[in-house]
Amino acid sequence: ALWSPLHTRVLLSYYDGSLVRSFLMGTSGSSTVATLPSGVTSVSWSPAGSRIVYTTVANGETTVSTADSSGKNQKTVFRTPIKDGAVSWPKEELFSLETAPSAVAPGYVFTYASGLLKRFLGPANGLMTLWSPTGTRILAVTSGIDGVISSVIYDSAGKELMRPDIQTLPQKSAWVGEAKLYCAVPRGIPTGAIFPDDYLTGELATSDRIVRVDVGKKTVSGIFNEGGYDMAELAATKDGTYIFFLDRITGRVWGIEVGE
């Protein structure tokens, strides 16, 4: 399930055999249910929650489309030969398309605004990103078959702001506002592991600690280093007091108080 920013609408997807079916519905009992085209591969809400952008794949190409929050006014924005791309909508006037990450292939991030599709980041092997809540910052993580994992924070114009010395993934990170970032950092990655490929396919589990990255001060501080959790889907409260994460090993959701 993917909730809208105001939690008034939700997008649900399920497998019908090998086919993914998706639909939109509201939280009130009288709201209508709208069906999206079959085979949606990625989706993102606009910051205001009034629209969605989604991708489908057919005939060897990816179609990027938009619709309003009720599922109406579906419109094709563009088509691309990029396969397995994932969309994000960090700003009302801009959304992005990211290629599937792999340590053995170059990845890209493209942005679309005012009718123009532009390359924003890449080529870089293993490229994965996480936009800040209002889209003024972006965490970019790259990795290669040499085992070198790098994290960089850029502004929305592509200017490098900070290069924190951490090995992490966007799935293990959560922004608090535009200046701070919590990251689960593996205590170690086995020699010979292909990262992020092995992690994303479930062949590799990690044991993580949590750090706080302050972009303004350009500091990295350790805040939690207990247990053997493989932390994913990090989420933080708006004031940064609590962090929640899914432990991929047990399937349990945990919360910790970290303060500011």
Side-chain angles (χ1 to χ4, degrees), residues 1-11 27 43-50 86 88-92 94 96 98 128-141 149-156 160-189 196 199-200 205-260:
L2 181 65
W3 287 92
S4 65
L6 297 179
H7 294 85
T8 56
R9 304 282 293 176
V10 63
L11 183 140
T27 54
V43 64
S44 183
W45 287 94
S46 68
S50 59
S88 298
W89 202 327
K91 295 183 176 183
E92 283 294 335
L94 175 149
S96 66
E98 180 178 310
M128 304 179 72
T129 63
L130 178 67
W131 289 93
S132 62
T134 62
T136 65
R137 304 285 188 269
I138 185 171
L139 168 68
V141 179
I149 304 169
S150 300
S151 301
V152 184
I153 296 172
Y154 299 94
D155 67 13
S156 57
E160 182 176 318
L161 301 177
M162 183 182 180
R163 192 175 287 265
D165 186 18
I166 56 174
Q167 297 181 329
T168 188
L169 288 174
Q171 294 94 327
K172 293 179 174 289
S173 305
W175 285 95
V176 177
E178 302 299 298
K180 292 183 180 179
L181 184 68
Y182 287 106
C183 299
V185 178
R187 296 186 176 95
I189 297 174
Y199 185 82
L200 297 177
T206 60
S207 175
D208 303 330
R209 59 189 179 92
I210 297 179
V211 303
R212 180 192 295 124
V213 179
D214 190 313
V215 182
K217 297 179 180 178
K218 293 182 170 54
T219 58
V220 178
S221 307
I223 60 170
F224 183 79
N225 193 14
E226 300 178 17
Y229 307 105
D230 182 353
M231 303 178 188
E233 300 182 27
L234 259 69
T237 54
K238 289 185 177 180
D239 61 2
T241 302
Y242 295 93
I243 293 177
F244 301 91
F245 62 87
L246 171 69
D247 178 19
R248 294 208 319 170
I249 298 173
T250 63
R252 295 179 178 177
V253 175
W254 296 86
I256 58 174
E257 184 176 0
V258 294
E260 272 289 290

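Keep in mind that this is a model prediction, so the values were computed, not measured. Residues: numbered from 1 along the sequence shown.
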- Query: Less than 4.5 Å apart, any side-chain heavy atom of P47 and any of T134?
  - Reply: no
- Just how far is it from atom OG of S150 to atom CD of Q167, taken to the nearest 0.5 Å? 8.0 Å
- Message: side-chain contact (heavy atoms from CB on, under 4.5 Å) for M128 and L200? Distances and angles first, verdict last.
- Response: CA-CA 12 Å; M128 304 179 72; L200 297 177; 4.3 Å; yes
- The single option from T241, I223, V176, T237 that satisfies side chain to side chain contact (heavy atoms under 4.5 Å, CB included) with V258 is I223
- Task: Identify the two heavy atoms, one from L130 and one from W175, that lie closest to each other, and give their separation to 0.1 Å.
- Result: O-NE1, 3.1 Å
- Of K180, R137, E178, the residue whose pairing with S132 passes side chain to side chain donor-acceptor pair (under 3.5 Å): E178
- Message: Could you report the tightest heavy-atom contact between A48 and E92, atom names first, then the distance?
- Response: N-OE2, 2.5 Å
- Query: Of all heavy-atom pairs between W45 and L11, which one has the smallest distance, and what is that distance?
  - Reply: CZ2-N, 4.3 Å
- Looking only at heavy atoms, the pair that brings A236 and Y182 closest together is CB-CD1, 4.3 Å
- Taking W89 for the side chain and K91 for the main chain, is one N or O donor matched with an acceptor at less than 3.5 Å? yes
- Task: Would you give the length of the straight line joining atom CG of D155 to atom CG of L161, rounded to the nearest 0.5 angstrom?
- Result: 5.0 Å
- Pick one: which of S156, S88, S96 meets side chain to side chain donor-acceptor pair (under 3.5 Å) with W131? S96
- Message: So does I166 get a backbone contact from the side chain of S151, meaning a donor-acceptor N/O pair under 3.5 Å?
- Response: yes
- Query: Would L246 and M231 count as a side-chain contact (heavy atoms from CB on, under 4.5 Å) if you check the C-alpha gap in whole Å, the side-chain angles of each, and the deciding distance to 0.1 Å?
  - Reply: CA-CA 6 Å; L246 171 69; M231 303 178 188; over 6 Å; no
- Donor-acceptor contact below 3.5 Å, side chain S4 vs main chain R9: yes
- Could you please spell out the steps behind the side-chain contact (heavy atoms from CB on, under 4.5 Å) verdict for Y229 and D208? CA-CA 6 Å; Y229 307 105; D208 303 330; 5.8 Å; no
- Query: Where do M162 and V215 come nearest, in terms of heavy atoms and distance?
  - Reply: SD-CA, 4.0 Å
- CD1 of I210 to CG of L234: how many Å apart, nearest 0.5 Å? 5.5 Å
- Task: Hey, could you give me the CG/CG distance between L139 and L181, rounded to the nearest 0.5 Å?
- Result: 5.5 Å
- Query: Looking only at heavy atoms, which two atoms of P5 and S46 are closest? And how far apart?
  - Reply: CG-O, 3.4 Å
- Item | Exam field: side chain E160 to backbone V152, donor-acceptor pair closer than 3.5 Å | no
- Task: Report the C-alpha separation of I189 and I149 in whole Å, then their side-chain angles, then the decisive distance to 0.1 Å, and conclude whether the side-chain contact (heavy atoms from CB on, under 4.5 Å) test is met.
- Result: CA-CA 10 Å; I189 297 174; I149 304 169; 3.3 Å; yes
- Can you check whether A184's main-chain N or O pairs, donor with acceptor, with T168's side chain at less than 3.5 Å? yes
- Item | Flag, side chain of D247 to backbone of D230, donor-acceptor distance under 3.5 Å | yes
